[in-house]
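Worksheet: the structure to be examined is printed underneath.
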Number of protein chains: 2
Amino acid sequence: MSDACDFRGLLERHQVRVTPLRLAVLEALGSASRAFRVREILAHIRRRRRVHKVTVYRILEDFSQRGFVRKIPVEGKAARFELACEHHPPHPHFQCRACGEVECLEPVPLEQVWQELRGPLGHRADRLEIRVAGLCRRCRRARGEP
Amino acid sequence: MSDACDFRGLLERHQVRVTPLRLAVLEALGSASRAFRVREILAHIRRRRRVHKVTVYRILEDFSQRGFVRKIPVEGKAARFELACEHHPPHPHFQCRACGEVECLEPVPLEQVWQELRGPLGHRADRLEIRVAGLCRRCRRARGEP
DNA sequence: AATTTTTTTCAACCAAGTTGCAAAATATCA
DNA sequence: TGATATTTTGCAACTTGGTTGAAAAAAATT
Ligand SMILES: [Mn+2]
Ligand SMILES: [Mn+2]
Ligand SMILES: [Zn+2]
Ligand SMILES: [Zn+2]
C-alpha cells in the first residue's frame with residue numbers, strides 16, 4: 001500500500017501548503033491500494049481527529065485539479081478517489097455489479113486504443129479510463145455459482 | 001438517428017408489455033445518437049404527455065437490467081442512458097471536462113485489452129467500458145485555444 | 001362483471017455534493 | 001512584537017439525482 005509515497009513532499013512539490021487535514025486525506029487514500037468513497041475517507045480521518053465533510057470535498061477537488069488525485073466515475077452515485085502520484089499510474093478498474101465494490105487492476109498497454117481514439121477526435125483528449133463490470137468472486141460464490 | 005430500430009418489436013422480443021410510456025422512453029433515447037440524462041428524457045417525453053419521474057427511472061432501470069439500454073457512469077452525478085439494441089453496439093464515450101457533455105465514439109477493437117484483463121481476473125467480467133476525457137472542441141474554442 | 005396483475009403516480013425521503021459566509025489558523029509585514 | 005492580510009476549515013442551508021412504499025389507475029384474466 002504505497003508506503004513509498006512521501007505525502008509531505010508531494011504537497012510541497014505541488015506548492016500546496018502542508019496542513020494536518022491535507023495530510024490526513026492523503027494518508028487515507030494511501031491506506032489501501034483501492035479507490036475510496038468520500039465517506040470512507042471521512043471515516044478514516046475521524047478515527048484520529050474531527051473534520052467537516054465540506055473540507056474533505058474541497059481538498060479532494062483541489063487535489064484532482066492539480067492531478068495528484070484521480071476521481072473515478074463509477075456506477076452508483078458516490079465517486080471514488082485514489083492517489084495519482086508516481087507510484088500509482090493510471091490503470092483500469094473492475095466494479096462488481098452486485099456489491100458495487102471497485103478494485104484496481106494492473107495497468108494495460110493502451111497505445112493501440114489511444115491511436116484509434118485520438119485520431120478522428122476533434123477534441124483534446126487527455127485521459128483514458130477503462131472500467132470492467134461484472135460479478136466479483138465473493139458475490140458469485142454468494143449466489144452459489146462456481 | 002436509428003430510425004432503423006423497431007421499438008415495439010424490441011419490447012415484444014424481450015417480453016415486455018408495450019405501453020405508451022415505455023415506447024416514449026425508447027423514442028427519447030432514439031431521438032439522437034448520444035447518451036441522455038434522465039432529465040433530458042423526461043423533457044423529451046413531456047413535450048407530448050405527462051409522466052412522473054419515478055416511472056421513467058423505473059423503466060430505465062428495468063430496461064438496463066434486461067440489457068437493451070445501457071447506463072453509462074460519467075463524471076458528475078447524473079448517469080447517462082442510451083439504446084443498446086443491435087443497431088447500437090458498445091462503444092467508447094468522450095466526456096468534456098468543462099461542459100460535461102458526453103459524445104459517443106466509434107467502436108474500437110478491444111480483443112487485446114479484453115485478453116489482458118479477463119485472464120488474471122478472478123471475477124466474471126462481462127462488460128468493458130471506455131471513457132475518454134478532455135476538452136471538447138467548443139469549450140476549447142471558448143477558451144481561445146486553437 | 002368481478003378479480004387479479006401490472007403499470008403509473010404521489011408524497012415523502014435519502015445521500016452526495018455544493019454554496020456562501022463566518023470563524024479559526026497561518027502568514028506577512030510594520 | 002503586534003496589526004493586518006491571506007488561507008484554511010467549519011457551519012448551516014440548499015440543490016440535485018435518485019429511491020421507497022403504498023395508493024390509484026389501467027389492463028389482463030377469469
Ligand atoms: Mn485504482
Ligand atoms: Mn454512446
Ligand atoms: Zn461483488
Ligand atoms: Zn465541452
Side-chain angles (χ1 to χ4, degrees), chain A residues 7-8 11-12 14-28 35-46 48-66 69-81 95 97-100 102, chain B residues 7-8 11-12 14-28 35-46 48-66 69-82 95 97-102:
Chain A
F7 297 135
R8 192 164 239 108
L11 290 176
E12 278 160 3
H14 283 86
Q15 335 238 39
V16 183
R17 245 191 283 279
V18 178
T19 74
L21 269 183
R22 299 211 245 243
L23 277 179
V25 167
L26 289 179
E27 270 153 26
F36 295 89
R37 279 173 264 252
V38 172
R39 103 165 82 96
E40 296 172 312
I41 299 172
L42 276 169
H44 190 278
I45 299 177
R46 283 176 177 152
R48 321 199 130 256
R49 55 180 339 293
R50 63 193 291 271
V51 224
H52 199 276
K53 63 169 183 170
V54 174
T55 311
V56 170
Y57 275 109
R58 294 210 258 239
I59 289 179
L60 287 168
E61 173 66 20
D62 180 35
F63 287 2
S64 332
Q65 293 264 44
R66 295 177 191 272
V69 158
R70 261 188 299 266
K71 183 175 185 178
I72 303 162
V74 293
E75 177 127 10
K77 28 188 178 177
R80 312 293 171 116
F81 294 85
Q95 185 176 24
R97 196 186 307 300
C99 65
V102 175
Chain B
F7 297 135
R8 194 165 238 108
L11 291 176
E12 278 160 4
H14 283 86
Q15 334 238 35
V16 183
R17 244 192 285 279
V18 178
T19 73
L21 268 182
R22 298 211 247 243
L23 277 179
V25 167
L26 290 178
E27 270 153 27
F36 294 88
R37 279 174 265 252
V38 172
R39 97 165 88 95
E40 297 172 312
I41 300 173
L42 276 170
H44 190 279
I45 299 178
R46 282 174 177 154
R48 320 201 129 256
R49 52 180 342 292
R50 63 192 292 269
V51 225
H52 199 277
K53 62 169 182 171
V54 174
T55 312
V56 170
Y57 275 109
R58 295 213 252 241
I59 289 178
L60 286 169
E61 172 66 21
D62 179 36
F63 287 3
S64 330
Q65 293 264 42
R66 295 177 192 270
V69 158
R70 261 188 300 268
K71 183 177 184 176
I72 303 163
V74 293
E75 178 126 9
K77 29 187 179 178
R80 312 293 172 115
F81 294 86
E82 68 181 5
Q95 185 176 26
R97 194 186 309 299
C99 65
E101 279 313 295
V102 175

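All of these numbers come straight from a predicted model, not from anything done at the bench.
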Could you tell me whether the side chain of His14(B) and the main chain of Val16(B) form a donor-acceptor pair under 3.5 Å?
no
Short heteroatom pairs, N/O only, protein and nucleotides 24-29 of chain C, under 3.5 Å:
none

Cut-off 3.5 Å, no hydrogens considered: what does the side-chain donor-acceptor table look like for residues 36-45 of chain B, sequence neighbours left out?
residue, atom, partner, partner atom, Å
Arg37(B), NH2, Glu101(B), OE2, 2.7
Glu40(B), OE1, Arg37(B), N, 2.7
Glu40(B), OE2, Arg34(B), NH2, 3.4
His44(B), NE2, Arg47(B), NH2, 3.4

For the pair made of CZ in Phe63(B) and C1' in dT7(C), what is the distance, rounded to whole Å?
12 Å
Write down the distance between CD (Glu75(A)) and C1' (dA16(C)), rounded to a whole number of angstrom.
16 Å
Mind checking Arg49(B) for me? I need base, sugar-phosphate or nothing, with any heavy atom below 4.0 Å counting as a touch.
nothing
Protein-nucleotides 21-23 of chain D N/O pairs under 3.5 Å:
residue, atom, partner, partner atom, Å
dG21(D), O6, Arg58(B), NH2, 2.9
dA22(D), N6, Arg58(B), NH2, 3.2

Separation of atom CG in Leu23(A) from atom P in dT9(D), rounded to whole Å:
10 Å
In chain order, what residues pass the side chain to side chain donor-acceptor pair (under 3.5 Å) check against Arg80(A), with sequence neighbours excluded?
none
Interatomic distance where CZ belongs to Arg46(B) and P belongs to dT8(C) [whole Å]
14 Å
Of Val16(B) and Arg50(B), whose nearest nucleotide on DNA chain C comes first from the 5' end?
Val16(B)
Got a sec: does the CZ of Arg48(A) have more than 12 other heavy atoms crowding it under 6.0 Å?
no
Over how many whole Å does the gap from Leu42(A) atom CG to dG17(C) atom P extend?
11 Å
For a 4.5 angstrom cut-off between non-hydrogen side-chain atoms, does Arg70(B) reach Glu82(B)?
yes
Can a donor-acceptor pair be found, under 3.5 Å and without considering hydrogens, that links the side chain of Gln95(B) to the backbone of Val102(B)?
no
Find the distance Ile59(B):CD1 to dT6(C):C1' and express it as a whole number of Å.
12 Å
For the pair Arg8(B) (side chain) and Val18(B) (backbone), establish whether a donor and an acceptor sit closer than 3.5 Å, ignoring hydrogens and angles.
no
Of the nucleotides dT9(C), dG17(C), dT9(D), which has the atom closest to the Val38(A) side chain?
dG17(C)
Please produce a list of atom pairs where a protein N or O lies less than 3.5 Å from an N or O of nucleotides 15-17 of chain D.
residue, atom, partner, partner atom, Å
dG17(D), OP1, Arg39(B), NH2, 2.7
dG17(D), O3', Lys77(B), O, 3.3
dG17(D), N2, Lys77(A), NZ, 3.2

Arg58(A) side, atom CZ; Lys53(A) side, atom NZ - distance, nearest 0.5 Å:
11.5 Å
Rounded to whole Å, how long is the line connecting atom CD of Gln15(B) with atom P of dA28(D)?
16 Å
Looking at Asp62(B) and Arg66(B), is there a salt bridge between them, counting it only when a charged N and a carboxylate O are closer than 4.0 Å?
yes
Rounded distance in Å - NE2 (His52(B)) to P (dA24(D))
15 Å
Under the rule for salt bridge (Lys or Arg N to Asp or Glu O under 4.0 Å), what residues qualify as partners of Arg97(A), not counting sequence neighbours?
Asp126(B)
Set out, in order, the CA-CA distance, both residues' side-chain angles and the distance that settles side-chain contact (heavy atoms from CB on, under 4.5 Å) for Val25(A) and Val51(A), then state yes or no.
CA-CA 10 Å; Val25(A) 167; Val51(A) 224; over 6 Å; no
Roughly how far, to the nearest 0.5 Å, is CD of Gln65(B) from CG of Leu60(B)?
12.0 Å
Give a yes/no on whether any side-chain N or O of Thr19(B) is located under 4.0 angstrom from OP1 or OP2 of dT6(C).
no
